[in-house]
Amino acid sequence: MSAALGTETPPVSSVPIWKQPMVRRLLVIALLAEIGYAVLNISSMPVYLAADPGSPHKLIPEGRGLGASVIGFVLVAFLFSEAVFKGPMGALADRFGHRKLMLIGPCITTCTALLTLIVPYNSGAMEVALLLLLRTADGIGAAMLWPAAFALMGETVGDDQRQQAMSFLNLCYMLGIALALPIGGVADDWSSHKWASLFLASVVFAGVALAVFRFIPHEDQLPHFGEHSETPAEAGFKDLLHAVRQIPAYLILAFVTFIGIGFPMAIIKLFALTEFQMGESSFGCFVVLPACLGMAVFSVPLSRYGEKIGKSRAVHVGMALCVVGLVIASSGAFVPVLRAPWVLALGGLPLGAGFLLAIPAWMASVSDIDPQKRGSNIGAVMTAQGLGAIIGAPLGSTLYEKLAPITGTDLAHYSPFLGCTACVTCGWVLSLRLLRGSH
């Protein structure tokens, strides 16, 4: 753990974190970006790809009529490219400046969200290939944005505030999902078109790019800028190998835990629409939004509690809360009376609280490893998370669709939640063994 926590002590800031203008700007940008990615990949894309195409004479089809397993692989294209490129993009951010990558990434997704609508319908393999290509481009855009944003936040605040800053970024993640699902659902329901939220996602990403351009100042050249002979790809690969040697515990935890997170990722909205017969806006407004807003209320107290008990213990307690929440959420697999939206929302409370406690401690530790390689190290952890989700997402969507003839529809639909519970439990057990001490 001492290697993972670093040996240097950055300066301590006396200014409260919420009064620092750069922190506020980064939080607004992170919130808008997560709303955009959640609208695109969680709210809009699964529903749009599964929906009936409608009249073949329409310029924009109402949907694509694809199965859940295909939808899972389309999402994997995003996760895979994001995971693969986060290491090299983190290295690029360290070398060429965070602002540049934070600006280019959202611009890419502004275009790909709209290009999705003009992919030729019913063109067989070409349709799927183009959808995969566009989601790959989305992943590259996300890989540009997130390591740079986390690294810039790590450089903006002092050592005493870094865990709290990461908690606020994590809060933006939760709020982004909470707001994206009702916003995307309302856009589709009110417009009566399943592609309306794709337009919305494009507008949001344009707003993110504008916010970066307007509110993130130009960076002076970094002290190590231009001193390296390797190409970005070579440097990113070397930095990834360095992180594997230096922080294997965090990478293992990230990989195992995010396999579980990937399980329900592609089908969570389809699950609610099918199992609970809910509308898109109802699912977002009455299930996701209350649970995530409830978690948001506890974000700051949990970050302070995490600082009090130490990073390792914060991960232990947070992971345990996640397991409790997932057990509640997946209980409907075996108890029919618990197959209800309120049970899913109830499980979301400890689940979200656990992640709000564990992930900031996790990321704060990684950020402290080497101030000159914050982007690279954070990118390596995010790569491990992405690779885990890549494995989990197609497994979950395939079980959701293919397991029904064997186990029955209800158990098949709950199987991704059971897989998630098993993997996160394994991650918690690993955290107890790999992350010891109170630092």
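Fair warning: this is a prediction, and the values are worked out from it, not measured in the lab.
- Summarising the geometry of G176 relative to E34, their closest heavy-atom pair is CA-CG, 3.9 Å, with the distance given to 0.1 Å.
- Contact of the E401 side chain with the I267 side chain is not registered, since no non-hydrogen atoms from C-beta on lie closer than 4.5 Å.
- Heavy-atom minimum distance, L321 versus G354: CB-CA, 3.7 Å.
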Acceptor/donor pairs from residues 140-148 side chains to any protein atom, 3.5 angstrom cut, sequence neighbours excluded:
none

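- Side-chain atoms of M45 and L198, non-hydrogen and from C-beta on, do get closer than 4.5 Å to each other.
- No side-chain heavy atom of T409 sits under 4.5 Å from any side-chain heavy atom of Y400.
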- prompt: Between F417 and F271, does a ring pair (Phe, Tyr, Trp, His ring centres under 6.0 Å) hold up when you go through it step by step?
  reply: CA-CA 10 Å; F417 297 96; F271 170 85; 4.8 Å; yes

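- Looking at S331 and V343, their side chains come closer than 4.5 Å, going by heavy atoms from C-beta outward.
- Rounded to the nearest 0.5 Å, atoms CD (Q20) and CE (M153) are 9.0 Å apart.
- Between F334 and L411, the closest side-chain pair of non-hydrogen atoms falls below 4.5 Å.
- Every side chain to side chain contact (heavy atoms under 4.5 Å, CB included) that C322 has, sequence neighbours left out, goes to L351, F355, V424.
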query: Should L49 and V70 be marked as a side-chain contact (heavy atoms from CB on, under 4.5 Å) after you check the CA-CA gap, both sets of side-chain angles, and the distance that decides it?
result: CA-CA 9 Å; L49 295 179; V70 177; over 6 Å; no

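- L357 and L302 make their closest contact through CD1-O, 3.3 Å (heavy atoms, listed as atom of the first residue, atom of the second, distance).
- Under the ring-ring contact (aromatic ring centres under 6.0 Å, His included) criterion, F199 pairs with W195, not counting sequence neighbours.
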message: Run the side-chain contact (heavy atoms from CB on, under 4.5 Å) test on M102 and L26 for me, step by step, so that the C-alpha distance in whole Å, both residues' side-chain angles and the decisive distance to 0.1 Å come before the verdict.
response: CA-CA 10 Å; M102 290 175 65; L26 285 170; 3.8 Å; yes

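- Considering all non-hydrogen atoms of both residues, T425 and V323 come closest at OG1-CG1, 3.6 Å.
- Side-chain atoms of L92 and L101, non-hydrogen and from C-beta on, do get closer than 4.5 Å to each other.
- Using a distance-only test at 3.5 Å, with no hydrogens or angles considered, no donor-acceptor pair links the side chain of T112 to the main chain of A137.
- For residues 334-347, the salt bridge (charged side-chain N to carboxylate O under 4.0 Å, His left out) pairs, not counting sequence neighbours, are R339-D410.
- Atom SG of C426 and atom CG of L253 lie 11.0 Å apart (nearest 0.5 Å).
- Residue pairs satisfying the salt bridge (charged side-chain N to carboxylate O under 4.0 Å, His left out) criterion with at least one member in residues 131-153, sequence neighbours excluded, are listed as follows: R135-D138.
- Judged as a side chain to side chain donor-acceptor pair (under 3.5 Å), and not counting sequence neighbours, the contacts of S44 are S197.
- Remark: S397 OG to F73 CZ distance equals 6.5 Å, nearest 0.5 Å.
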For residues 77-84, run the donor-acceptor check on the side chains, cut-off 3.5 Å, and write out each pair with its distance to 0.1 Å, sequence neighbours left out.
unit_1: S81; atom_1: OG; unit_2: A77; atom_2: O; d: 3.2
unit_1: S81; atom_1: OG; unit_2: F78; atom_2: O; d: 3.2
unit_1: S81; atom_1: OG; unit_2: T136; atom_2: O; d: 2.8
unit_1: E82; atom_1: OE2; unit_2: K86; atom_2: NZ; d: 3.0

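- Using a 4.5 Å heavy-atom threshold, the side chains of I216 and M22 count as touching.
- Remark: F205 pairs with Y37 by the ring-ring contact (aromatic ring centres under 6.0 Å, His included) rule, at least two apart or across chains.
- Applying the salt bridge (charged side-chain N to carboxylate O under 4.0 Å, His left out) rule to pairs touching residues 314-332 yields nothing, sequence neighbours excluded.
- Going from atom CG of L395 over to atom OG1 of T398 covers 6.5 Å, rounded to the nearest 0.5 Å.
- Rounding to the nearest 0.5 Å places CG of L134 at 12.0 Å from CD1 of I108.
- Residues L270 and P46 approach most closely at CD2-O, 4.2 Å, considering heavy atoms.
- Note that CE of M265 is 9.0 Å distant from SG of C420, once rounded to the nearest 0.5 Å.
- Nearest heavy-atom pair across C172 and L27 is SG-O, 3.3 Å.
- Applying the salt bridge (charged side-chain N to carboxylate O under 4.0 Å, His left out) test to R25 and every residue at least two apart in sequence or in another chain returns nothing.
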task: I would like to know whether I359 and V315 meet side-chain contact (heavy atoms from CB on, under 4.5 Å); could you show each step before the answer?
output: CA-CA 7 Å; I359 290 183; V315 173; over 6 Å; no

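- Using a 4.5 Å heavy-atom threshold, the side chains of H413 and L403 count as separate.
- Remark: T257 engages no residue in a side chain to side chain donor-acceptor pair (under 3.5 Å) (not counting sequence neighbours).
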- request: For T421 and F263, run side-chain contact (heavy atoms from CB on, under 4.5 Å): C-alpha distance rounded to whole Å, both residues' side-chain angles, the deciding distance at 0.1 Å, then the answer.
  value: CA-CA 9 Å; T421 303; F263 264 93; over 6 Å; no

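- Within the structure, the salt bridge (charged side-chain N to carboxylate O under 4.0 Å, His left out) test picks out the following pairs touching residues 64-76 (sequence neighbours left out): R64-E127.
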